[in-house]
There are 2 protein chains.
Amino acid sequence: MPSALETPLSGNLLLRALRVPDRALLEPHLELKPYRRGEVLFEAGVDVSHISFPLGPCVAALVIGLQDGRAVETATVGHEGAIGGVVSQGLLPAFSRAVVQVPGSVLRVEAAVLQQIKQTSPGLRNLMTRYSDCLLAQVLQSVACNASHTIEARCSRWLLSLQDRLGSEVLPITHEVLAELLGVQRSYLTRTLRTLQEQGLIQVRRGRIIIESRPLMEAAACECHGAVKRHFETVLGAVYNASGTLVSLRPVPAEGPPMSQAV
Amino acid sequence: MPSALETPLSGNLLLRALRVPDRALLEPHLELKPYRRGEVLFEAGVDVSHISFPLGPCVAALVIGLQDGRAVETATVGHEGAIGGVVSQGLLPAFSRAVVQVPGSVLRVEAAVLQQIKQTSPGLRNLMTRYSDCLLAQVLQSVACNASHTIEARCSRWLLSLQDRLGSEVLPITHEVLAELLGVQRSYLTRTLRTLQEQGLIQVRRGRIIIESRPLMEAAACECHGAVKRHFETVLGAVYNASGTLVSLRPVPAEGPPMSQAV
DNA sequence: GGCTGTCTGTACACAAGTGCACAGATGCTC
DNA sequence: GAGCATCTGTGCACTTGTGTACAGACAGCC
């Protein structure tokens, strides 16, 4: 199986950013697991047994369930990151649920094993800490965003960030689901999307939304999209191609004395 | 000065939860620093040099500044926690600004020094990891909260969480400031507070809000307040007194073999 | 005790978003 | 290629919250 993982492993940018020896430590413990849309990686309140690195197009969301039955998205994680005990270091009960939004596979490792390996690998430790900080940044920005930006702007932001992760203009999502994630009314979201379509930003199809003009979308979206992206750049050295898609992270540098910082 | 710190140190619940030897490691490096209302602990984009443990009534907020000049609160930190590079482990640029809402003192330590001590103290490491998880939980819940709850509910939640930290019914805050933190219109917040007052939940005074009936407040607030509180209980063993005030955290247990979890 | 700056109360026109209901379109399955 | 479940479009009454403006109240200061 290790040989079969050779290719998949490069489908996650965090794993790809690791140096070869660190990757070698992790590789024997990685398990490939496919997920369908809507599948749950872990439930809120349950101990997180594994940490998962989404591959290729796979995108999951951290979701908070509310008493009235709604379930609002708090963070999106794709092939640029990891999900499950990233901050809690595993083995603490999860506060949120993790749900697959775009189907695909993940590479996962037992939380305890990852902790073990981190002990011996400063590079891995450093990388995971940096990613944690980016995840937090994303969430912090969303708090402010949800408090102050219009649904049109938030919706645009969300679509852009999905495109960043997928690298495709065709975003497989229904109004229903997107409205739930944003915590807004479905009928109003439909109207909003219609407006965006009339302005030539997107095309609306059944079950998918097609980005027509990324520049216009970026103008319609709030600053939050850019702010988070910039933090990914400075902290993880994220690299984006011309069309805004996230293509790689800065490789973890070789160990040196001044590395003690982000242990 | 170490002797002068003897008492202050117990004014922060995280520090108080540490075992004596761990505390001893930290103590010589702690510096007492007073802050006034509105003072900035660190700015967004700047490297965080220190990590601060608020004492007694001191409360700070993580704030995201928006392009239109507004500055919305994303998290509140009082004597139950710490602020500055908690997740990023210091020495990464801060994503948010930290502003003092209720004046008081903090004990602070250089980020690099704290990292150093963590290397040798599993207890401290474990505690900080748990606190990080609680901080994230608080922020995750706020994303969902801001997306779906009314201003009245959010305002009530906020007042309750300040009371938890202060342990007093008199909350020193103006409508102006609270409206900004919640990301809402000042005039509408005044109306909301008026409504709460007419229902006997609070009393409104110039520059302060007095909680009249905590039970009624809890009914008016959204579930988010309770959800975060419960996570603090399970993860940090937070203990609340009859009137809802946070009084202590579970002491860090003695080291044992099964401790490897939250390294 | 009067002045002054800040904070609070309220009014009003308006925009944004909800909640619900139902018609119509689309894609998939058999 | 007909049927069906799901998704999308739209209408309408209503609530929540914005934006702006201004009057009055409070507390601290000299």
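Per chain, numbering begins at 1; letters A, B, ... match sequence-line order. We use all heavy atoms of the structure for the numbers below, so side chains are in, but hydrogens, waters and symmetry mates are not.
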Nearest-Å distance for atom pair [atom1]/[atom2], residues [X] and [N]:
X: A/Ile151; N: D/dT18; atom1: CD1; atom2: P; value: 13 Å
X: B/Leu196; N: C/dT8; atom1: CG; atom2: P; value: 15 Å
X: A/Arg194; N: C/dA25; atom1: CZ; atom2: P; value: 12 Å
X: B/His175; N: D/dA25; atom1: NE2; atom2: C1'; value: 12 Å
X: B/Ile209; N: C/dT8; atom1: CD1; atom2: P; value: 8 Å
X: A/Glu152; N: C/dT18; atom1: CD; atom2: P; value: 14 Å
X: B/Gln203; N: C/dG9; atom1: CD; atom2: P; value: 12 Å
X: B/Gln197; N: C/dC7; atom1: CD; atom2: P; value: 18 Å

Short N-O contact, B/Glu218 and B/Arg214, less than 4.0 angstrom: yes

query = Closer to the 5' end of DNA chain C via nearest nucleotide, is it A/Arg186 or A/Arg208?
reply =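 Per heavy-atom nearest nucleotide, the more 5' residue is A/Arg186.
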
Taking the nucleotide of DNA chain C with the closest heavy atom to each, which residue, B/Ile173 or A/His149, is nearer the 5' end?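 Closer to the 5' end of DNA chain C: B/Ile173.
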
Under 3.5 Å, is there a donor-acceptor pair between the [X] and [Y] side chains?
X: B/Ser161; Y: B/His225; result: no
X: A/Arg97; Y: A/Thr74; result: no
X: B/Thr234; Y: B/Arg230; result: no
X: B/Ser142; Y: B/Arg157; result: yes
X: B/Arg191; Y: B/Thr195; result: no
X: B/Arg165; Y: B/Gln163; result: no

Taking the side chain as every heavy atom from C-beta outward, state whether B/Ile64 and A/Gln141 have any atom pair closer than 4.5 Å.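 The answer is yes; the side chains approach within 4.5 Å.
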
For [X], answer base if it contacts any base atom (sugar-phosphate contacts may also be present), sugar-phosphate if it contacts only those atoms, and nothing otherwise; contact means non-hydrogen atoms under 4.0 Å.
X: A/Arg191; value: base
X: B/Leu193; value: nothing
X: A/Arg205; value: sugar-phosphate
X: B/Ser187; value: base

The nucleotide from C/dT8, C/dA16, C/dT6 with an atom nearest the side chain of B/Thr190 is C/dT8

Among D/dT18, C/dG9, C/dT8, the one nearest any side-chain atom of B/Tyr188 is D/dT18

Self-check item: Contact nearer the 5' end of DNA chain D, comparing A/Ala147 with A/Val204
Solution: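 So the residue in question is A/Val204.
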
Bend of the helix from C/dG1-D/dC30 to C/dC30-D/dG1 from end-axis comparison, five pairs per end, nearest 10°, comes to 40°

So, does B/Gln185 get its side chain near the phosphate of D/dG19, meaning an N or O under 4.0 Å from OP1 or OP2?
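It does, given that an N or O in the side chain of B/Gln185 lies less than 4.0 Å from OP1 or OP2 of D/dG19.
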
Distance below 4.0 Å between B/Arg206 side-chain N/O and D/dA27 OP1 or OP2:
no

